[in-house]
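Here is how names work: the chains are called A, B, and so on, in the same order as the sequence lines, proteins then strands, and each is numbered from 1.
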2 protein chains.
Amino acid sequence: MLYTVGEMARAVGIPASTLRYYDQEGLLPFVERSRGGMRMFTDKDREALTVIDCLKKSGLSIREIRAFMAMAAEGDASIERRLALFRARRDAVRQQMADLERTLELLEYKCWYYETARQAGSEEAVRRLSEEQVPPERRAARRRLSCGE
Amino acid sequence: MLYTVGEMARAVGIPASTLRYYDQEGLLPFVERSRGGMRMFTDKDREALTVIDCLKKSGLSIREIRAFMAMAAEGDASIERRLALFRARRDAVRQQMADLERTLELLEYKCWYYETARQAGSEEAVRRLSEEQVPPERRAARRRLSCGE
DNA sequence: ATAGACCTTAAAGTATACTTGAAGTCAAGT
DNA sequence: ACTTGACTTCAAGTATACTTTAAGGTCTAT
């Protein structure tokens with residue numbers, strides 16, 4: 001099955017203009033052309049685009065993704081390096097999730113804070129609460145907030 | 001305790017130039033000045049900066065954070081709206097974490113893929129593996145990759 | 001063969017969030 | 001008083017990743 005750039009754009013949920021931009025930036029060296037010059041994507045290309053999108057979501061820049069695609073084009077000789085790259089991205093995403101977990105805790109603390117302030121009718125009342133009057137699961141975030149990071 | 005912009009920058013781990021930029025953009029309407037015109041941050045300001053950083057990490061733009069700081073400056077009248085904002089950010093971060101979880105699964109599949117390819121000496125060998133030859137915990141990601149999103 | 005949808009390239013424009021540089025001022029120690 | 005480091009503002013520069021526009025070519029159906 002072959003797809004034009006617009007069809008592939010719909011299939012992977014990325015604008016056609018972005019696919020053209022990626023091609024221009026050397027991220028899609030594998031894409032074939034029709035006799036008239038139109039890009040013809042295959043199902044294997046769709047798979048590659050999914051990987052590109054995954055790498056982007058992991059925090060890689062266009063430049064770094066290009067370097068990866070160049071490795072992929074080298075074939076089996078670069079397996080070791082590609083493995084190292086995916087392990088690094090895996091670890092980076094785990095770190096991002098841990099960071100988001102801390103952000104989430106602070107947001108949950110703030111939700112509790114404003115829920116309580118709404119009931120009390122003022123923020124000041126919540127600020128004056130002592131440690132024991134704060135739900136145990138909110139105390140860590142509260143301390144981070146008041147005692148610096 | 002009072003801090004200059006450089007001291008506060010070190011305390012919260014944000015460049016002084018960024019703090020000045022935030023001030024210029026209206027994110028820090030609360031910061032006082034010395035007689036000579038220098039910014040003087042308090043511990044309460046540090047707390048506000050931690051919240052600003054948290055909102056930024058949750059995906060809010062400078063413009064949106066400014067709107068929030070304006071609400072905060074309104075006082076208790078905006079408690080309800082601020083609660084709504086924090087709930088929305090909390091939900092957004094939970095969604096981000098769920099998305100990262102999917103990204104992580106694909107990265108973990110790719111790690112397995114290249115580990116296996118390294119042992120086999122070629123990618124093609126791994127590609128030819130049938131579903132049952134793939135570890136159960138990697139199958140979902142593999143299917144997403146080959147059958148489209 | 002012709003219409004119309006969709007494609008092509010190149011270049012310029014946009015958005016966001018800073019960062020840097022220049023010229024000058026402030027604050028603290030000796 | 002003077003030096004030194006850190007501060008001030010304003011304007012311009014940077015980085016990244018697209019998006020848009022213009023002029024024109026391709027593909028498919030009728």
Peer 1: Check whether any side-chain N or O of A/D76 sits under 3.5 Å from a backbone N or O of B/E123 as a donor-acceptor pair, and report yes or no.
Peer 2: yes
Peer 1: Taking the inter-plane angle between the rings of A/Y114 and B/F86 on a 0 to 90° scale, is it parallel (under 30°), tilted (30 to 60°) or perpendicular (over 60°)?
Peer 2: parallel
Peer 1: Would you please say whether a donor-acceptor pair under 3.5 Å links the side chains of A/E137 and A/Y109?
Peer 2: no
Peer 1: Do B/Y3 and B/D43 have side-chain N/O donor and acceptor atoms under 3.5 Å apart?
Peer 2: yes
Peer 1: Sugar-phosphate atoms are those with a prime plus P, OP1 and OP2; base atoms are the rest. Using that split, label each nucleotide of nucleotides 2-18 of chain D B, S or - for protein heavy atoms under 4.0 Å, 5' to 3'.
Peer 2: -----SBB-------BB
Peer 1: Does OP1 or OP2 of D/dC27 have a side-chain N or O of A/S34 closer than 4.0 Å?
Peer 2: yes
Peer 1: Calculate the interatomic distance between B/M40 atom CE and C/dA28 atom C1'; express it in whole Å.
Peer 2: 13 Å
Peer 1: Expressed as a whole number of angstroms, how long is the span from A/I14:CD1 to D/dT19:P?
Peer 2: 10 Å
Peer 1: Any carboxylate oxygen within less than 4.0 angstrom of a Lys/Arg side-chain nitrogen, looking at B/R144 and B/E105?
Peer 2: yes
